[in-house]
K.L.:
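Quick one: the structure is below, questions incoming.
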Amino acid sequence: MKPVQEWLTCMVSALLRIATYEDHLFILNHLLRCPPGLADWTAAFIQVLPSTGAGSQGQVAVDHALTVLATMTSPIRGREEFLQHMNSQNDNRTNASKPWVVLNSEGEEENEDASRPWLLLAESDLILLLSQLQLNDVFRFALRVTPGGAGGGGDDAYDPAEMSEAAMLGLFALGTCVVAILSRGLESFQQTRYRQLNKRIGWMLCETVQYICDHWSNYRRARPADTMTMLPRLCTEFDSFFCKATSSLFSAKRFGAWQFIAEMSFVCVSADTMWRLLLMLHTCSGAHHQVELPAGNPQEIMWKLQDGDTVQQLIDNLQAMPQQEAIFLLTALSNMAASRDDGERQLIEVIVALIYEASFIDQVTRDFCSKSGRDLLSSIAERHPFTISFLLGRVNTSMLRVGMMSLYLFHEIPLSLWQPTVDDVQLVRDWLLKGELASAESQLARLLLTGMNWGVTDTGEELFLPLDLHREVAVMVTEAYIKVIPESKGGLLYYSIQQLYNVSALVRQTPPQEQQFYSWATDLVHRLRLHAAAQPPPPGGAATRLGDAAFLAEVPDLHKTPRLRAVAASARDGGAMAAYVALAATAHGHNMADFLSDGLGMLARLAACQQHVSAVHALRVVTPLFLDNPSYLSTAERFVSVVRSISAADQTYVKMARDLFAPEFPGKVLQLFSSMMLVGDR
């Protein structure tokens with residue numbers, strides 16, 4: 001056999017040196033009619049000439065490349081006649097027993113003739129032959145990319161503005177032709193044995209779409225819209241090309257090509273076509289056809305997509321298809337939403353609702369879609385933060401069905417980008433104040449408040465969330481704290497909870513719900529930017545807003561603001577959480593006279609209730625008021641007593657027991673206090 005291979009290689013090499021396009025096709029057609037397994041050494045016989053020539057020469061090379069591609073992806077006529085001798089040899093070796101029945105991955109009978117394996121080309125042969133054709137060369141010519149660049153710099157030269165509108169139509173026609181050829185390949189090789197080949201063809205189809213999408217985007221940026229007389233037609237032709245490509249990939253059901261739909265770029269597609277594509281991906285079961293919908297009527301499609309029967313149709317399709325294909329379909333929907341801007345809010349919300357329904361509501365699809373669905377919804381929310389509010393509303397209406405899965409969902413949602421609406425804040429408030437600590441509503445409310453961005457914007461000039469929201473959340477948390485932990489005037493209940501929390505941490509046990517809530521509430525209020533000293537510095541070079549008269553004029557009065565009645569009542573009764581909020585958010589912590597008359601007592605209350613961390617946070621924002629008059633504090637006995645209490649706060653029995661095994665100095669409170677003094681000194 002080896003001498004025959006060497007002789008054929010020598011003869012074909014000699015022919016290729018002087019071969020015409022017809023000779024190249026002659027070689028290709030003979031290879032396609034050879035027995036399986038020969039492509040390992042015959043694939044190099046396929047030499048597709050690069051489309052580097054100018055004008056008609058390059059166009060002829062492109063036509064030849066498309067002819068080669070069409071020949072490879074079409075059914076091979078006469079192959080059985082060419083291999084008839086293989087059939088006779090196989091019959092001599094085959095007994096009269098019934099041939100094996102081949103099943104695919106779904107347990108269905110494969111539509112193949114197992115008695116004639118010689119008739120079909122091996123998948124590896126087709127992949128090797130197909131790899132000899134590079135679409136890159138075809139589109140380099142079509143996009144007018146020239147090597148070398150200006151000035152001989154070595155970079156390719158590419159200027160989309162040089163292409164005329166007629167040439168753009170030609171490019172769309174070329175792309176449509178390539179898509180039709182590759183679509184024929186997906187139809188010709190539908191057997192399961194060609195799964196990898198289908199992926200290869202799908203990748204080539206996706207590559208074709210990407211080339212044209214990128215060039216169309218560059219072309220529209222390079223040429224103003226008022227200079228293009230054929231812009232409406234160009235947009236229509238591009239949408240038509242994109243729909244055909246998507247439909248071709250969607251027709252390759254269960255053969256691995258759907259993953260490429262998820263990778264396609266939907267940025268340049270018009271809004272009306274996006275609705276049509278969404279309905280196609282939503283309702284089709286994988287049959288090869290083009291969606292026929294009234295053009296320019298997205299409102300009708302939106303109503304249809306929101307219909308319960310249509311949503312159930314998507315769920316049924318997801319249940320019927322392999323799990324991997326279902327994930328690819330949901331990923332494609334997510335990609336569609338992420339590629340649009342905020343102006344297409346209705347389309348984005350419809351997609352979010354569909355993914356949420358499939359991933360967290362339906363009992364069957366939730367088992368295999370919840371993890372991927374959570375990641376997809378998170379990626380959409382990162383691109384469009386307003387979808388978090390929409391998603392929160394959907395969770396609220398379906399809380400009885402989604403339950404604790406809502407926590408699983410929002411753990412990955414980028415809440416730091418969220419700007420909640422008034423309705424969102426009210427919903428979170430209801431969940432926090434009305435739900436039991438162990439309920440999904442209460443835990444979700446705490447998760448949302450924890451994940452929100454209570455810091456400043458990227459520029460550092462303003463708060464990411466408005467100050468009014470910081471104050472509203474502080475009051476909300478205080479009211480919930482009063483409900484869960486009704487502190488007595490002696491603070492004994494709080495102190496007991498704190499000791500239990502320390503003991504549970506020492507023995508590494510999960511603390512009870514009340515201890516978890518206490519820790520969450522105190523940590524959250526410390527993160528809120530309630531005081532003027534915690535605000536971003538104002539324009540003009542001032543370090544803080546303590547000297548900003550306009551800001552100080554808007555600081556609420558504890559006893560005159562109706563919204564603070566619960567805080568004022570709790571502070572009057574000795575509530576430690578209310579005392580901290582009053583110091584940080586009201587005039588008691590912004591005015592020296594108010595602080596010395598009432599605020600100092602609240603600070604002492606924090607120390608007496610063993611809330612030394614809160615006391616340090618309060619000192620951090622209050623002490624700057626007395627930088628010019630430090631004697632007011634140094635001569636106040638209650639202030640000195642508070643400082644002494646903070647200094648000795650770490651000397652607890654639990655801390656002393658822990659130091660026997662792992663000594664630690666300074667402790668948590670003392671380290672925080674020293675850091676506060678160092679920052680204040682700067």
Side-chain angles (χ1 to χ4, degrees), residues 342 345 348-349 352-353 356 377-378 380-382 384-399 402 406-407 409-437 439-457 462-484 517 520-531 534-536 554-556 558 561-570 577-578 580-582 584-586:
D342 290 350
R345 185 165 185 149
I348 297 169
E349 290 180 347
V352 169
Y356 173 72
L377 291 173
S378 177
I380 296 175
E382 187 172 1
H384 303 291
F386 71 84
T387 58
I388 301 177
S389 296
F390 175 78
L391 196 57
L392 194 64
R394 303 290 293 196
V395 170
N396 182 42
T397 58
S398 58
M399 181 60 79
V402 70
S406 60
L407 302 176
L409 168 61
F410 278 93
H411 261 297
E412 293 297 324
I413 297 296
L415 297 172
S416 60
L417 304 176
W418 185 32
Q419 293 277 357
T421 64
V422 175
D423 293 338
D424 297 334
V425 176
Q426 184 60 44
L427 178 61
V428 173
R429 174 184 172 83
D430 292 341
W431 283 348
L432 186 64
L433 296 180
K434 298 179 182 179
E436 298 295 331
L437 287 181
S439 65
E441 292 87 345
S442 177
Q443 294 186 55
L444 181 56
R446 283 177 270 162
L447 176 64
L448 293 171
L449 294 174
T450 301
M452 293 167 64
N453 185 357
W454 301 110
V456 297
T457 59
E462 59 182 352
L463 293 175
F464 183 83
L465 297 172
L467 178 59
D468 289 341
L469 181 58
H470 286 246
R471 292 168 176 167
E472 174 67 22
V473 170
V475 175
M476 180 194 313
V477 173
T478 303
E479 292 175 349
Y481 190 93
I482 296 170
K483 173 187 173 184
V484 176
F517 179 84
W520 167 82
T522 53
D523 290 343
L524 180 62
V525 294
H526 294 161
R527 291 174 56 198
L528 299 176
R529 303 293 190 98
L530 302 173
H531 199 274
Q535 304 303 310
E554 297 179 358
V555 174
L558 179 62
T561 305
R563 186 67 188 87
L564 298 176
R565 288 175 182 172
V567 177
S570 179
M577 175 66 73
Y580 173 79
V581 172
T586 70

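This is a predicted model, so every value here is computed, not measured. The figures here come from the full heavy-atom set of this structure, side chains too, leaving out hydrogens, waters and symmetry mates.
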K.L.:
So with a 6.0 Å cut-off around CD of Glu382, is the heavy-atom count from everything else above 12?
P.N.:
no

K.L.:
Is there a side-chain contact between Val456 and Phe464 in this structure, where contact means two heavy atoms from C-beta onward sitting under 4.5 Å apart?
P.N.:
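Result no, sub-4.5 Å side-chain heavy-atom pair not found.
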
K.L.:
Within the structure provided, determine whether Met452 and Ser416 are in side-chain contact (heavy-atom separation under 4.5 Å).
P.N.:
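They are not in contact (no side-chain heavy atoms under 4.5 Å apart), so the answer is no.
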
K.L.:
Could you tell me whether the side chain of Val473 reaches within less than 4.5 Å of the side chain of Leu524, counting heavy atoms only?
P.N.:
yes

K.L.:
Please check: side-chain N/O of Arg527 versus main-chain N/O of Asn453, any donor-acceptor pairing under 3.5 Å?
P.N.:
no

K.L.:
Any non-hydrogen side-chain atom of Trp418 less than 4.5 Å from a side-chain atom of Leu392?
P.N.:
yes

K.L.:
Tell me the closest heavy-atom pair linking Pro420 and Val425, and the distance in Å.
P.N.:
CB-CG2, 4.2 Å

K.L.:
Are side-chain heavy atoms of Phe386 and Thr421 found at a separation under 4.5 Å?
P.N.:
no

K.L.:
Please find the pair of heavy atoms, one from Ala521 and one from Val477, that lie closest to each other, and give the distance.
P.N.:
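For Ala521 versus Val477, the nearest heavy atoms are CB-CG1, 3.8 Å.
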
K.L.:
Okay, side chain of Ser442, backbone of Leu432: is any donor-acceptor separation there less than 3.5 Å?
P.N.:
no

K.L.:
To the nearest 0.5 Å, what is the distance between CZ (Phe390) and CG (Asp424)?
P.N.:
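Phe390 CZ to Asp424 CG: 12.5 Å, rounded to 0.5 Å.
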
K.L.:
Working to the nearest 0.5 Å, report the span between CG of Asp342 and CD1 of Ile348.
P.N.:
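With rounding to 0.5 Å, CG (Asp342) is 6.0 Å from CD1 (Ile348).
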
K.L.:
At what distance, to the nearest 0.5 angstrom, does CG of Asp430 lie from CD of Glu441?
P.N.:
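Going from CG on Asp430 over to CD on Glu441, the span is 11.0 Å.
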
K.L.:
Any salt bridge linking Lys483 with Glu436? Criterion: basic side-chain nitrogen under 4.0 Å from a carboxylate oxygen.
P.N.:
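Looking at Glu436 together with Lys483, the answer is no, because their closest N to O distance does not fall below 4.0 Å.
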
K.L.:
Answer yes or no: is there a donor N or O on one side and an acceptor on the other, between the side chain of Thr397 and the main chain of Arg394, under 3.5 Å?
P.N.:
yes

K.L.:
Are any of the side-chain nitrogens in Glu472 or Arg563 under 4.0 Å away from the carboxylate oxygens of its partner?
P.N.:
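Judged by the 4.0 Å cut-off on N to carboxylate O distance, Glu472 and Arg563 do form a salt bridge.
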
K.L.:
When you compare the side chains of Ser398 and Tyr356, does any donor N or O come within less than 3.5 Å of an acceptor on the partner?
P.N.:
yes

K.L.:
Can you check whether Val402 reaches Val395 side chain to side chain, under 4.5 Å on heavy atoms?
P.N.:
yes

K.L.:
Could you check whether any side-chain N or O of Thr387 sits under 3.5 Å from a backbone N or O of His384, counting only pairs where one atom can act as donor and the other as acceptor?
P.N.:
yes

K.L.:
Heavy-atom distance under 4.5 Å between the side chains of Ile482 and Met577, does that happen here?
P.N.:
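Ile482 vs Met577: side chains apart.
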
K.L.:
Just verifying a value: how many Å separate His411 NE2 and Thr450 OG1, rounded to the nearest 0.5 Å?
P.N.:
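Separation between the atoms: 9.5 Å.
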
K.L.:
About how many Å separate CG of Leu448 and CD1 of Ile413, when rounded to the nearest 0.5 Å?
P.N.:
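Here the interatomic distance stands at 10.0 Å.
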
K.L.:
Atom OG1 of Thr586 and atom CG of Leu564: how far apart are they, to the nearest 0.5 Å?
P.N.:
7.5 Å

K.L.:
Ignoring hydrogens, what is the shortest heavy-atom contact between Ala585 and Val555? Give both atom names and the distance.
P.N.:
O-CG1, 3.7 Å

K.L.:
For residues Ser378 and Pro414, determine if any side-chain heavy atom of one lies less than 4.5 Å from a side-chain heavy atom of the other.
P.N.:
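Counting from C-beta outward, Ser378 and Pro414 do come under 4.5 Å.
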
K.L.:
Over all heavy atoms of both residues, which pair between Met399 and Ala440 is shortest? Give the atoms and the distance, please.
P.N.:
SD-CB, 4.1 Å

K.L.:
Under the criterion side-chain contact (heavy atoms from CB on, under 4.5 Å), I'd like the reasoning laid out for Leu449 against Trp520: C-alpha separation, chi angles, the key distance, then a yes or no.
P.N.:
CA-CA 10 Å; Leu449 294 174; Trp520 167 82; 3.8 Å; yes

K.L.:
Please name the pair of heavy atoms, one in Trp431 and one in Leu444, separated by the smallest distance, quoted to 0.1 Å.
P.N.:
CZ3-CD2, 3.4 Å

K.L.:
For a side-chain contact (heavy atoms from CB on, under 4.5 Å) check, start with the C-alpha distance between Arg471 and Val475, then their side-chain angles and the critical distance, and finish with the verdict.
P.N.:
CA-CA 6 Å; Arg471 292 168 176 167; Val475 175; 5.6 Å; no

K.L.:
Any side-chain to backbone donor/acceptor pair from Ser570 onto Ala566? Under 3.5 Å, distance only.
P.N.:
no

K.L.:
Under the 3.5 angstrom rule, does the side chain of Trp454 hit a backbone N or O of Arg529 as a donor-acceptor pair?
P.N.:
no

K.L.:
Please check this pair: side chain of Thr478 against backbone of Ala474, looking for a donor-acceptor N/O pair closer than 3.5 Å.
P.N.:
yes

